[in-house]
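Scope of the values below: all heavy atoms of this structure, side chains included, with no hydrogens, waters or symmetry mates.
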Amino acid sequence: MSTITDPDTGGFRVSQLLSDTRYRAFTFQAIALLLLIAAFSYLGYNLVSNLRAAGLNISFGFLDEAAGYDVGQALIPYDSQSSNWQAAKVGILNTLLVAVLGCIMATILGVIAGVLRLSKNWIVSRLMAAYVEAFRNVPVLIWILIIYAIMTVSLPAPSAFRGETPDSTMLMGLIAFTNRGIYIPAPVWNPGSMVVVVTFILSIIAAFAYRAYAKKLLFDTGKLLPMGWPTVAIIFVPAILMFLILGRPIGLDIPVLSGFNFGGGIKIGAPLIALWFALSIYTGAFIAENVRAGIQAVSHGQTEAAAALGLRPRRIMNLVVLPQALRVIIPPLISQYLNLTKNSSLAIAVGYADVTATLGGITLNQTGRAIECVLLLMLFYLAISLSISAIMNVYNNSVKLKER
């Protein structure tokens, strides 16, 4: 079979940019790129000209001005006299907090629901189907409002914990569930505490290394090492021993009722809890369908062969089905993570100060800098979405089928 190619004349001529198939595709792409740049340049020039004619100009100097408003929950130091940029950083961190917590919880719920939906137990499979259909077909904003309303109505006020015979008591004397949020003990970092933290982090790394070794040993020799209790022991035993050896350097600041509210500890506000749970349960329903589709994409011959080798159903799911199903699950899972992160912009409905509420809400209304605030919001969501996609694509490449 012969292939027709353009003759090599030994020299390059400008006419070859259109007549030679080796250069024609690059020529068309270059022309398209130049046209695109010209279009965006025209739109940008038109925007600047219209703003100038209206006596306006694009400036980000407002970020250094005092914000003038308070934020209910902040992970970094902030008060009403802080700058608008500091308020924006508070909103960014709050958005990232609920996105990370939501992705973790949604993944756990989705995997469990997706596996149980294929259970041979009729009641379990129907319950999971009801969960998926109920949460997937109702807007997430409604679930946010419902969960927030349940929290504020059903849980007691802080005043219910007051008195010699209070109506409500703290769980184990450490945790208080109120309609304003949940109050939990805060760690107190005494000298030597960082040694315990570093030990714990190294233990987690060692646990992953052990599981990787056990998996490699299984594939190489067929010898199956225990996974559960050794992983737990590797993670917690060294940190606990170091904690005791150093004389318990990490203490607890327990919440205490003082006045009309609890003081000390860490407050997890009701808006954060409502948003976190609603996004997690809602997105988890979609992830459950992705998991179910991934499991069903694995050939029945795989499970039958594993069962013929004497593997138990749990082992078959962990060692045979899920590793192959990940190739189908991961790509749509990336989209669900992106949807959860962007749906967190609904936080303003329950008063949670995410970046849309601070930078795109109060700051925009106070300063009137709509274009600048919207541009910054777009850049933030674009950056976080591209970051999530990049990280998950790296993981997707690590689990995809490797051809010889």
Donor-acceptor contact present, side-chain [X] to main-chain [Y], <3.5 Å:
X	Y	value
Q324	V320	yes
N396	I330	no
Y131	A285	yes
D253	G265	yes
S125	W122	yes
N50	N46	yes
T152	A149	yes
Y352	N94	yes
T95	V355	yes

Is [Y] close to [X] at the side-chain level, that is, under 4.5 Å between some pair of heavy atoms?
X	Y	answer
R117	V291	no
P249	V196	yes
Y395	I391	no
P185	I175	yes
L364	V374	yes
T367	N84	yes
L118	R292	yes
I348	T356	no

What is the distance from atom [atom1] of [X] to atom [atom2] of [Y], rounded to the nearest 0.5 Å?
X	Y	atom1	atom2	value
S345	L377	OG	CG	9.0 Å
E65	Q366	CD	CD	10.0 Å
N290	T283	CG	OG1	11.0 Å
I268	I182	CD1	CD1	6.0 Å
Y183	L257	OH	CG	9.5 Å
I150	F277	CD1	CZ	11.5 Å

Which is it for F200 and M242 under the side chain to side chain contact (heavy atoms under 4.5 Å, CB included) test, yes or no, and what are the steps along the way? CA-CA 9 Å; F200 182 68; M242 189 62 66; over 6 Å; no
As a quick check of understanding, evaluate side chain to side chain contact (heavy atoms under 4.5 Å, CB included) for S344 and L279, giving each step before the final call. CA-CA 8 Å; S344 66; L279 291 177; 4.0 Å; yes
Please find the pair of heavy atoms, one from [X] and one from [Y], that lie closest to each other, and give the distance.
X	Y	answer
S203	A239	OG-N, 4.5 Å
V90	A74	CG1-CB, 3.8 Å
Y282	N343	CE2-ND2, 4.3 Å
F161	M170	CE2-N, 3.9 Å
P158	N179	CD-OD1, 3.7 Å
L246	G192	CD1-O, 3.5 Å

Kindly indicate, with the supporting measurements, whether the criterion side chain to side chain contact (heavy atoms under 4.5 Å, CB included) is fulfilled by D79 and S82. CA-CA 5 Å; D79 57 41; S82 300; 3.3 Å; yes
We want to know whether T358 and Y69 form a side-chain donor-acceptor pair, criterion being a heavy-atom distance below 3.5 angstrom. no
More than 12 heavy atoms of other groups within 6.0 Å of F208 CZ: no
I'd like to know whether CG of L35 has more than 12 heavy-atom contacts from other residues, nucleotides or ligands below 6.0 angstrom. yes
Does the side-chain hydrogen bond (donor to acceptor under 3.5 Å, both in side chains) test come out yes or no for Y337 and T107, once each step is laid out? CA-CA 9 Å; Y337 285 169; T107 303; 2.5 Å; yes
For I281 and W143: C-alpha separation, side-chain torsions, deciding distance, then whether side chain to side chain contact (heavy atoms under 4.5 Å, CB included) applies. CA-CA 9 Å; I281 298 173; W143 288 117; over 6 Å; no
